[in-house]
Amino acid sequence: MFYRENGQFKTSYLTDQQIFPVSQDRIAMWLLLIVGFVVLPAFASDYFFRAVLIPFLVLSLAAIGLNILVGYCGQISLGTGAFMAIGAYAAFNLHARFPGMPLLVSLIGGGLCATVFGVFFGIPSLRIRGLYLAVATLAAQFFTDWFTNRVAWVTNNSSSGSVSVGTLNFLGITLDTPMEKYVFCLSVVVVFALLAKNLVRSAIGREWMAIRDMDVAAAVIGIRPVFAKLSAFAVSSFIIGVAGALWGFIHLGAWEPAAFSIDKSFQLLFMVIIGGLGSIVGSFFGAAFMVLLPLLLNYVPHWFGLPLSTATASHLEHMIFGALIVFFLIVEPHGLARLWQTARQKLRVWPFPH
């Protein structure tokens, strides 16, 4: 009874096309932003910032980028870790070779380099699809692993192969504490999530979805497959590249090529499948699930007096991920986002059965 649209009249196209047409959704979103920007920085601990909130935000951003390519455009990609690595190493080189380079410029530069890389490896999507395209994007992962391990220039001639970033500054503010890094990540994720949501609702977003549903029919009605597919690769790679730079700069601080291995690509793909293909909010659900499940497996058994070893918890984590992927692919292909949408729809008509 508290989630109804009675009395909420739309008198213009702008009000009818807004992202949150129901006023309760707008109020909930503002409350969520207040909690994120005000309440959590005031009360959360440094461990909670480092272990939960910052990884959740960065993985959510990477999942949004992958969801644009896989969920909205229907192009399978197994090279997400490679795009993250390109963004991270490009941002590192900009930051290290140009003293005084603003942090935001380095992040955007990393995203642009990942865009070029993504478009190059997206060219095969013009001729192949499905499993063949997945193998082509997997080649990007193998090439990046070789490139970052063998070319010393990428790591600024580091003898160990690992790189590290120094002090981070944004608009004259030094990002020293985990709370400051969290607020910076949250600001970036909010901006990119808003841009991505508006982009998929625009004409180019409708072209992506038309290509996803039936590319031959889309070409017949005048949609250019070349532009639609390569633009999806470009936008997706840019967002993933920025996420990779944030993962290296904000979350890790120092990293080596193994931080962006093929495991990261599969992790993000699982995240999108569980959260919901073709859904921005599903990217957040998938990232939350991916971050919270290992923590729950570590803490919940101890609460019930059933301590698990680290190896057992790791095996259980992989087993649960595999079981849930099979479950969602069979029962609910649209993931947690679809379950959330169904719950919202039931609240709108409760207590009536229709």
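As the structure is a prediction and not an experimental result, all values here were calculated from the model. Here, residue 1 is the first one in the sequence, and each next residue gets the next number.
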For F98, does the CZ atom sit with more than 12 other heavy atoms under 6.0 Å from it, leaving out its own atoms?
-> no
Any donor and acceptor pair, going by atom type alone, linking the side chain of R224 with main-chain N or O of A219 inside 3.5 Å?
-> no
Ion pair check, K181 and D176, cut-off under 4.0 Å = no
Okay, side chain of Q75, backbone of C73: is any donor-acceptor separation there less than 3.5 Å?
-> yes
Decide yes or no for P257 and N149: does some side-chain heavy atom of the first lie under 4.5 Å from some side-chain heavy atom of the second?
-> yes
Ring centres of F117 and F121 under 6.0 Å apart?
-> yes
Which other residues belong to the hydrophobic cluster containing V135, where Ile, Leu, Val, Met, Phe, Trp and Tyr are joined when side-chain heavy atoms lie under 4.5 Å apart, directly or via other members?
-> none
Is the backbone of M179 close enough, under 3.5 Å, to the side chain of D46 for a donor and an acceptor to pair up by distance?
-> no
Which value, rounded to the nearest 0.5 Å, describes the distance between C185 atom SG and F56 atom CZ?
-> 12.0 Å
Distance-only side-chain donor-acceptor flag, D145 / Q141, under 3.5 Å = yes
Under 3.5 Å donor-acceptor, D25 side chain and F20 backbone = no
Does the side-chain contact (heavy atoms from CB on, under 4.5 Å) test come out yes or no for L199 and W208, once each step is laid out?
-> CA-CA 10 Å; L199 190 60; W208 292 341; 3.6 Å; yes
Under the 3.5 angstrom rule, does the side chain of T155 hit a backbone N or O of S162 as a donor-acceptor pair?
-> no
Hey, does the side chain of T115 reach the backbone of S237 with a donor-acceptor pair shorter than 3.5 angstrom?
-> no
Is there side-chain contact between V190 and L33, with heavy atoms separated by less than 4.5 Å?
-> yes
Okay, side chain of S279, backbone of G276: is any donor-acceptor separation there less than 3.5 Å?
-> no
So, does Y182 use its side chain to make a donor-acceptor pair with the main chain of I54 at under 3.5 Å?
-> no
Hits for ring pair (Phe, Tyr, Trp, His ring centres under 6.0 Å) against F233, two or more places apart or cross-chain, chain-then-number order -> none
